[in-house]
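For reference, the structure is listed below as structure tokens.
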Amino acid sequence: MGCSPHVSLMLIILAFTLVIQALVCLGQPGTWQLLLENAGIASMHTAVTHYGTVVFLDRTDIGASQINLPNGECRNDPNDAVLTHDCTAHSVEFTPGPNTVRPLRIQTDTWCSSGAFRADGTLVQTGGDADGAQMIRYFAPCAPGGTCDWVEDAQTHLQVRRWYASNQLLADGTVLIVGGQGVFSYEFVPPQQSGAQVSLPFLQATLKAPGDEDNLYPFVHMLPNGNLFIFARRDSILLDVSSGAVLQNYPTMPGTEARNYPATGSSVMLPLDSANGFTTATILVCGGGNENAFSNPQAQLPASSTCGLLEATATNPQWTMLNMPFQRTMGDMLLLPDGRTLLINGAQSGSAGWGLASNPTLNPVAFNPVDSSFEVQAATTIPRVYHSTAVLLPDTRVLVAGSNTHEFYTFTQPFPTELRVEAFSPQYIDDSFNSQRPTVMVAPAAVGYGQNFTLTVAVPAPQGAFQLRLSNAPYTTHSFAQGQRQLVLPIYEVVITGPNQYTIFSSGPPNTNLAPSAYYMLFPVQNGIPGTATWVQIS
Ligand SMILES: *[C@@H]1O[C@H](CO)[C@@H](O)[C@H](O)[C@H]1NC(C)=O
């Protein structure tokens, strides 16, 4: 029939639209990639192991997932309110690259649980709901293709039921578990000799009302002196965890919104920097919700559009408030290997809870601590609201999984149970930066405290200074990456040791307060462009 004028016109319009779209994309950095259409479960808790695999966890009493347990196994739980004979998995191991999942066996309910990796790389996962509320579970990871699985501790249990608690690996290698619904205390795994939980009245003082707390999943950050910064609702304290003493009450964060679950903002401790001797720790808290958002979901009240910055180690700490480009509740915050903080996922109205939010925030935003600026990133098309997660991968991408605004696996609009796994690639991954991107050639497997080491990288055409950034792997759930920390290591010297090859002289973190013994991702960075990390055990 030939090419009719109509078809030509349509082609011109199509081309024009594509150009416009490309221009819009140029204005919004970063790209999105769908990695897996169906992970089998909607991950509510996500963590990257030092084998580069990613643990996804859901909950056991949510009905059948979409992936079966191995070998036709089933789990019988006469007390399960939904499915007493369940042959599906509620945890999987995801392997980036092939983008495959392997079902894992979890026995008790991990719903709204907490976690942290200990020194040997084992994920210590604690609490949850129902039969899981006092459970301690271990996942000792293995290389992709292995058969490692969850082990639930039959002997030792948490002192009390902990639902919506936050964990932090301490300098002595124990895991601290802070709070939980109706629980105003903290405890340790393994338990201290006294075995007791330690009272923390701050968690009660920041309570709004039972069932409408706005102070759950407290933001816990270990400062360079080993003391804990704990933020709940709008208030924060400095806790000496060894004595139980509250050393400092910080000023209340300005604003009327609440920052913790269910209002659900997020928080990071900005990277600790050798340039100032690792002495300065600045806390960033972003987003959250209106105090009535949870109790009055019909109103779909606007989420918070502000962040607060607090130099927690200053002599007279004060909050500096910043305006974000978007309102955001249930956003995740991740420390990127270029030194910026990514805000990703969430919604612009409502709060956490089943179907209590709307107007998803599809654009991530990158916060630059150098000038406190925000840069809007390219949008995804997949809403990530209640029970969604994000983690940083060693290859510098951000993995996004989960979202289930219904209590069970249902796939009705507007926000279905979300089984798709995506990756967000910040702009630094663009091919145009390949000539500047460092590739690790020779790396240590382990680095001691204060011990000198070298890292040899290849860079085709370096254009600026090198940096080494050390990031741990947090346990991400309910918009808070528990235990997340990043250190900028010192660089003494960079020596050319071959064609396009550079050997960087550095040293490990000075002490365990700065970086508790664990596996860390060591990112080489050149002129702000990070390369794939190498895992090092800091010990
Ligand atoms: C590490 O290297 C730096 C720079 O060469 C040097 O000043 C320092 O003494 C070394 N430290 C140790 C523990 O060897």
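Values below: all heavy atoms of this structure, side chains included; hydrogens, waters and symmetry mates excluded. This one's a predicted model, so the numbers in the text were calculated from it and none came from an experiment. First listed ligand is number 1; within each ligand, the first listed atom is number 1.
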Where does ligand 1 get N/O contacts under 3.5 Å from the protein, atom by atom?
residue  : atom   : partner : partner atom : Å
ligand 1 : 2 (O)  : N452    : ND2          : 2.3
ligand 1 : 11 (N) : N452    : ND2          : 3.0
ligand 1 : 14 (O) : N452    : ND2          : 3.3

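- A heavy-atom distance below 4.5 Å is not found between the side chains of V459 and N500.
- Among residue pairs with one or both ends in residues 509-538, those qualifying as ring-ring contact (aromatic ring centres under 6.0 Å, His included) are H50-Y519; sequence neighbours excluded.
- A distance-only check finds a donor-acceptor pair linking the side chain of Q482 to the backbone of A165 [under 3.5 Å].
- For C112, there are no disulfide bond (SG atoms under 2.5 Å apart) partners two or more places apart in sequence or in a different chain.
- Judged as a ring-ring contact (aromatic ring centres under 6.0 Å, His included), the pairs with a partner in residues 482-518 (not counting sequence neighbours) are, in order, F466-Y502.
- Minimum interatomic distance between Q463 and N527 (heavy atoms only, all atoms of both residues): CB-ND2, 3.7 Å.
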